[in-house]
Amino acid sequence: MLSETGVSVLLLGAGIVALYAGAELLVAGAGRLALGIGLRAATVGVTVIAFATTAPELFVATIGALDVSTDIGLGAVVGSNIANVGLVLGVAALIRPLSVSETVMKRHVPFMVFAALLLVAFGGNGRIGRLEGAIFLLVLAGFTAYLLYYVNADPMPAEEKPEASDGVSFRDLALVGGGLLALVVGSRWLVAGGTDLLLELGFSELFVGLTVLALGTSLPELAASAVGAVRGETGFAIGNVVGSNIYNVLAVLGIVALITPIEIAPSTLRFELPILVGFTVVLVAMMGYGRRLSRLDGAVLLAGYAGFLYLLVP
């Protein structure tokens, strides 16, 4: 018979695998559906794919908030955004220097910075209530409308349009449905296994969210960006992370706050949130310099993330 710790480890591992598989299915299905209805590939990367790879954070944060505490959800989002910058882009830039398109720099990066600052501003009083959650979702709606405006104003060239035979299919819908199902199951396993294991070892719920759950839910972004870098699709790697960080704050925390207000500890206001803003500012500065992330930039980001994890350990 497995011990309680063994069961927790098994659930944790199974949850990570299910989340990864679910996100891959969702990314494949949602991407093909979006292209099938005529969205530009770059737009798909920053919107549909970014939102799909944010789905693990959404499920983990919501289930964690309902089953355990809002510290789980807040930690998963803040930790995931830091991991996206430090770990995901760090690894991708080490594989291959990443080019930053003018579109991402001008249209999407400002929203990423604004979302991070909005989180700090709303959380400054130690609580993100339902009103703040609603504002997050309104800003997200504005961001989506802004992107759709540019899709219509700057239509897809004829050579980029998919063939009619590549349009919406039952297979793509099945991929999306299967991905969502795997995300629901995987997030429950990950929350249950990771929480039980670390709480048994005496760690706080916030620490659980910032480390194990954040790393587990960042796997889709890591996989998508690393594969993009290997294939030379470096612009996709940047767009995926920028879009994901926007959705993590505005969509995930917006929905969780509507369900149940999020309490923020004073230690989080003093450490984790400033670290998130710091990583965001450093990333923007790196991207603005020469419109690329070099291998040196990647090494700096990875070192910064390793330092963050070291400082988290009590």
Side-chain angles (χ1 to χ4, degrees), residues 19 22-24 26-27 29-31 33-34 39 42-65 73-85 87-89 103-104 107-120 122-123 128 132-148 150-151 176 179-180 183 187 209 213-214 216-225 228 236-259 262 276-277 279-280 283-284:
L19 276 181
E24 286 294 307
L26 191 59
V27 165
L33 283 175
L39 285 184
T43 304
V44 171
V46 182
T47 55
V48 177
I49 303 300
F51 188 75
T53 57
T54 297
E57 284 89 344
L58 177 59
F59 282 99
V60 166
T62 304
I63 290 171
L74 179 66
V77 166
V78 173
S80 181
N81 276 20
I82 294 172
N84 281 348
V85 175
L87 177 65
V88 175
L89 287 184
T103 298
V104 169
R107 297 182 190 174
H108 309 135
V109 168
F111 274 96
M112 179 181 70
V113 175
F114 180 63
L117 294 177
L118 201 60
L119 171 57
V120 174
F122 284 170
I128 298 177
E132 289 86 355
I135 294 174
F136 276 147
L137 293 176
L138 284 174
V139 173
L140 176 65
F143 171 64
T144 304
Y146 173 74
L147 291 181
L148 290 177
Y150 275 103
V151 169
V176 171
L180 289 173
L183 286 171
S187 58
L213 301 188
T217 56
S218 286
L219 280 177
E221 286 90 344
L222 179 59
S225 294
F236 171 79
I238 295 276
N240 177 40
V241 165
V242 170
S244 181
N245 278 16
I246 293 170
Y247 287 117
N248 277 350
V249 173
L250 299 181
V252 178
L253 291 185
I255 290 171
V256 171
L258 278 183
I259 296 170
I262 301 169
L276 171 60
V277 173
F279 265 89
T280 303
L283 174 63
V284 173

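Note: hydrogens, waters and symmetry copies are ignored here, and every other heavy atom, side chains too, is used.
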For Gly133 and Ala257, the nearest pair of non-hydrogen atoms, with its separation, is CA-CB, 3.8 Å
Nearest heavy-atom contact between Ala115 and Val249 is O-CG1, 3.6 Å
Note: His108 and Ile246 closest approach over all heavy atoms is O-CD1, 3.5 Å
Side chain to side chain contact (heavy atoms under 4.5 Å, CB included) test vs Val77 passes for just one of Leu276, Ile262, Val256, Val252, namely Val252
Check your understanding: Can you check whether Phe122 reaches Phe136 side chain to side chain, under 4.5 Å on heavy atoms?
Key -> yes
Rounding to 0.5 Å, atoms CG (Asn81) and CG (Leu283) come to a distance of 11.0 Å
What one should report as the nearest heavy-atom pair of Ser244 and Asn84 is OG-ND2, 3.5 Å
Closest non-hydrogen atoms of Ala116 and Val277, given as atom of the first, atom of the second and distance, are O-CG2, 4.4 Å
Fill in: Side chain to side chain, Ile128 and Leu119, heavy atoms closer than 4.5 Å
yes
The reported gap from CD in Glu132 to CG in Leu253 (rounded to nearest 0.5 angstrom) is 11.5 Å
Taking every heavy atom of Ala214 against every heavy atom of Gly79, the minimum-distance pair comes out as CB-C, 3.4 Å
Output for pair (Leu250 CG, Ile255 CD1), nearest 0.5 Å, gives 10.5 Å
Worksheet item: Under 6.0 Å between the ring centres of Phe114 and Phe143?
Response: no
Between the CG atom in Asn248 and the CD1 atom in Ile82, the distance rounded to the nearest 0.5 Å is 11.5 Å
Rounding to 0.5 Å, atoms CG (Leu118) and CZ (Phe111) come to a distance of 11.5 Å
